[in-house]
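See below for the structure under consideration.
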Amino acid sequence: MEKKLHTETLCIQAGYSPENGQPRQIPIIQSTTFKYATSEEMGKLFDLEASGYFYSRLQNPTCDMVAAKIAALEGGTAAMLTGSGQAANFYAMFNIASCGDHIVASSAIYGGTFNLIAVTMKRMGIDVTFVDPDCTEEELNAAFRANTKLVFGETIANPALTVLDIEKFAKVAHSHGVPLIIDNTFATPVNCRPFEWGADIVTHSTTKYMDGHGVAVGGCIVDSGKFDWTKYPDKFPGLCTPDDSYHGVTYTERFGLAGAFITKCTVQLMRDLGSIQSPQSAFYLNLGLESLPFRMKQHCANAQAIAEFLQENPKVAWVKYCGLKGDKYYELARKYMPNGSCGVISFGLKGGRQAAEVFMKHLKLGAIETHVADSRTCCLHPASATHRQMTDEQLDAAGVGADLIRLSCGLENAEDLIADLKQAIEQV
Ligand SMILES: *Cc1c(COP(=O)(O)O)cnc(C)c1O
């Protein structure tokens, strides 16, 4: 029933339907543990024979209600909340790739995810081949090995702002018998639903637009339920063969394609590694989700107006925003995000690094932050902050030139924001 409803309605109503006399708003179940009358009843939970709550390190009702809302928004069959976007991406990948395996990932991804894959997962024995997000099908095919278990990319990359050709990546991943995992943080399901283009698993840093007010770090994993693990039992033994730690349960048999991935991720990875979202944070996240469609509209409209203003300003050297006609990703954005993309743009001033520093110092409304994607406009000059240890040559190679300014357009009035940018640019 939920699938036929529009995004605005799902953002308000999905995930929780109170009965007579129950709270109208999603309640915060602030409890670590849950009571049972007999050991036998509780034992069934540990054998995965019955579903229910027993300890909030694995599952909590508040988190599950909010996860169910996000699953409905993405059009998935199951979802889980995590303590951060980093945890969501790590769990989504580690649920199917382990020591001795290999993954293919777009090179244009969030710096934290790049480090997770290139350094930390490598230390765990998981190898990676990074591919250019604009690579051809042939180049993408060439990255696969016999032990490749998944492909990973971002709808709109943070901070490179490349747009991924999801359909192409899905097609190639499927031809090699592996799923495509898409981090949909910047577009949100309001602007792009990767499952409709062939993606199999979607992840989010809910810290960004979904929360949208800069109050709670969090993440989410959603499964489309469409990838048939049982066609490749040798590739995905964790899903297709018995798990001794649950008396020989086989996830695909017991929970079907709709539930196997998220159930395994919950009962193995959450059990052993922790990092679930707190019910309090899930409650804040839910408040953010209620207004997400309206906020995304305003973020995108502000970004569009600001990008157009910057493009016309004689002191601006270049502007990158996939909503601008002539942007390298304009056509891909039209295809995958016809109603708008996100509120983040990047640009450079004539005068490079020094000009960027002067400009940032004079901004009054836009604050200097490492954060993006919340209600307050903020900006970052990576060369003097997050990437300051790099030389200019290294910055160019990373696609983050010394002059690059990343601007996350908030929900303020566009005229006020443009006036602020204008006076700061005039100081250069
Ligand atoms: C911020 C971000 C992450 C990491 O999320 P946290 O909630 O900070 O752990 C992952 N992917 C993308 C695209 C992000 O922007």
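All residue numbers in this chain count up from 1 along the given sequence. Note that ligands are numbered from 1 as they come in the structure, with each ligand's atoms numbered from 1 the same way.
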Original post:
Can you list the steps and then say if Phe34 with Tyr55 is a ring pair (Phe, Tyr, Trp, His ring centres under 6.0 Å)?
Top reply: CA-CA 7 Å; Phe34 302 83; Tyr55 191 48; 8.9 Å; no
Write out all pairs satisfying ring-ring contact (aromatic ring centres under 6.0 Å, His included) with one or both partners inside [range], taking only residues at least two apart or from two chains.
range	answer
residues 328-354	Trp197-Tyr336, Phe347-Phe359
residues 259-298	Trp229-Phe261
residues 145-184	Phe144-His176

**OP:** Give me the one residue out of Thr155, Leu73, Ile70, Asn184 that meets side chain to side chain contact (heavy atoms under 4.5 Å, CB included) with Val202.
**Re:**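 Running side chain to side chain contact (heavy atoms under 4.5 Å, CB included) over Thr155, Leu73, Ile70, Asn184 with Val202 returns exactly one hit, Asn184.
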Subject >> Asp420 vs Lys364, salt bridge (Lys or Arg N to Asp or Glu O under 4.0 Å): CA-CA, chis, key distance, verdict >> reply: CA-CA 6 Å; Asp420 188 33; Lys364 294 191 173 91; 5.7 Å; no
Pairs under 3.5 Å, nitrogen or oxygen of ligand 1 with protein nitrogen or oxygen:
unit_1, atom_1, unit_2, atom_2, d
ligand 1, 5 (O), Ser205, OG, 3.0
ligand 1, 7 (O), Gly85, N, 2.9
ligand 1, 7 (O), Ser205, OG, 2.8
ligand 1, 7 (O), Thr207, OG1, 2.6
ligand 1, 9 (O), Gly85, N, 3.1
ligand 1, 9 (O), Gln86, N, 2.9
ligand 1, 11 (N), Asp183, OD2, 2.7
ligand 1, 15 (O), Asn158, ND2, 2.9
ligand 1, 15 (O), Lys208, NZ, 2.6

